[in-house]
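Everything below concerns the one structure shown next.
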Amino acid sequence: MFSMNGQANSKVIKIAKHLIFIFYIFVLFYLVLLKGGDAIHIAAHFRGRLTWLEKLNTINFIPFKTIAYYLSSGQSYHIVLTNLLGNILAFCPMVFLLPMLISKRRKMIYTLFITVLIGLSIEVSQLIFMLGSCDIDDMILYICGGILGYLAYVVFLKLQRSLKILEKSETEISRDLTEL
């Protein structure tokens, strides 16, 4: 009976992890791709006005060009933080959650690969649907967010292991004390 409850709890936890990840992906796409709904208005304005060649010419392939612009242009701190830090922080939870979902794929390279795939899908979608600018700097920021998220995941695992060791030590200490 106990193992069935344990199995049921394990399944509920697994389903909850997947639901949290799916919810996170929807929120990520809503905030980064649709920009909270603002991108749809931008797309409506440009729809039919640009040819595919003009769309392709809007892509920034020069690394750090947009980042340097935001840092040196005198933009308000709110705009700079939203565009730079927002892209980094938006991808931190993904690589923190992903290794918890797929235990066999806890390596950093795998989580960064998924980060790049999702980031590319966002950037290509922005280009195709004119929902924003397609920019290599966004990919750089997404990868930075992926690395930070993965590092947070590693720290989380180490803290979790340390707490288990401490918990075990406390149990052994109390058992030793009762034997005295």
Side-chain angles (χ1 to χ4, degrees), residues 17-156:
K17 286 179 182 179
H18 281 83
L19 289 175
I20 289 168
F21 187 74
I22 290 167
F23 176 74
Y24 162 74
I25 292 296
F26 277 115
V27 170
L28 177 71
F29 274 75
Y30 179 73
L31 293 175
V32 177
L33 180 62
L34 299 176
K35 304 198 182 352
D38 291 340
I40 295 170
H41 301 294
I42 296 168
H45 175 73
F46 286 109
R47 192 160 288 130
R49 293 181 185 203
L50 296 176
T51 65
W52 271 101
L53 186 58
E54 290 170 327
K55 284 183 184 181
L56 291 175
N57 284 332
T58 65
I59 300 173
N60 173 34
F61 289 110
I62 302 168
F64 304 105
K65 178 182 177 183
T66 306
I67 294 170
Y69 168 77
Y70 278 119
L71 295 175
S72 66
S73 69
Q75 295 280 338
S76 75
Y77 289 112
H78 175 72
I79 291 172
V80 173
L81 286 176
T82 300
N83 286 291
L84 299 183
L85 196 57
N87 281 339
I88 292 171
L89 294 178
F91 276 76
C92 285
M94 179 177 43
V95 294
F96 187 86
L97 293 171
L98 193 61
M100 285 196 269
L101 293 176
I102 307 166
S103 60
K104 295 178 184 173
R105 301 290 188 193
R106 291 186 174 167
K107 294 184 178 180
M108 184 175 189
I109 193 73
Y110 177 79
T111 55
L112 287 178
F113 177 72
I114 298 297
T115 300
V116 169
L117 284 180
I118 291 176
L120 276 174
S121 68
I122 289 172
E123 292 304 303
V124 169
S125 296
Q126 285 181 338
L127 176 66
I128 292 171
F129 301 112
M130 293 304 295
L131 295 172
S133 62
C134 185
D135 195 328
I136 189 70
D137 287 357
D138 288 342
M139 289 300 300
I140 291 168
L141 295 170
Y142 300 157
I143 292 168
C144 288
I147 291 168
L148 286 175
Y150 189 82
L151 293 175
Y153 171 73
V154 169
V155 168
F156 171 77

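Only a predicted model underlies this, so the values are computations on that prediction, with no experimental measurement involved.
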For residues Val32 and Tyr142, determine if any side-chain heavy atom of one lies less than 4.5 Å from a side-chain heavy atom of the other. yes
Distance col, row Ile25:CD1 vs Ile20:CD1, nearest 0.5 angstrom, shows 13.0 Å
Is any side-chain heavy atom of Thr58 less than 4.5 Å from a side-chain heavy atom of Leu127? yes
Do Lys55 side-chain atoms and Ile128 backbone N/O form a donor-acceptor pair below 3.5 Å? yes
Could you report the tightest heavy-atom contact between Val80 and Tyr70, atom names first, then the distance? CG2-O, 3.3 Å
Where Tyr24 and Met94 come nearest, the two heavy atoms and their spacing: CE2-CB, 3.2 Å
Note, Phe91 side chain near Leu148 side chain (heavy atom, < 4.5 Å): no
Checking the side chain of Ser121 only, and the main-chain atoms of Ile118 only, is there a donor and an acceptor separated by less than 3.5 Å? yes
Closest non-hydrogen contact found for Gly146 with Leu112 is C-CD2, 3.9 Å
Under 4.5 Å between any side-chain heavy atoms of Ile136 and Glu123, yes or no? no
A side-chain contact here means heavy atoms from C-beta on lying under 4.5 Å apart; do Leu98 and Tyr110 qualify? yes
Going from CD1 on Ile62 to CG on Asp135, what distance comes out if it is rounded to the nearest 0.5 angstrom? 10.0 Å
For residues Leu97 and Lys17, determine if any side-chain heavy atom of one lies less than 4.5 Å from a side-chain heavy atom of the other. no
A side-chain contact here means heavy atoms from C-beta on lying under 4.5 Å apart; do Ile140 and Pro63 qualify? yes
Once you round to the nearest 0.5 Å, how far does CG of Asp138 lie from CG of Leu120? 11.0 Å
Neighbour count above 12 (heavy atom, 6.0 Å) for Ile109 CD1: no
Between Leu33 and Gln126, the two heavy atoms sitting closest are CD1-CG, 3.5 Å
List the atom of Leu28, the atom of Ala90, and the distance in Å for their closest heavy-atom pair. CD1-O, 3.4 Å
Between CZ on residue Phe29 and CD1 on residue Ile122, distance to nearest 0.5 Å: 4.5 Å
So, do Gln75 and Asn83 sit near enough that their side-chain heavy atoms are less than 4.5 Å apart? no
Could you tell me whether the side chain of Asn87 and the main chain of Leu141 form a donor-acceptor pair under 3.5 Å? no
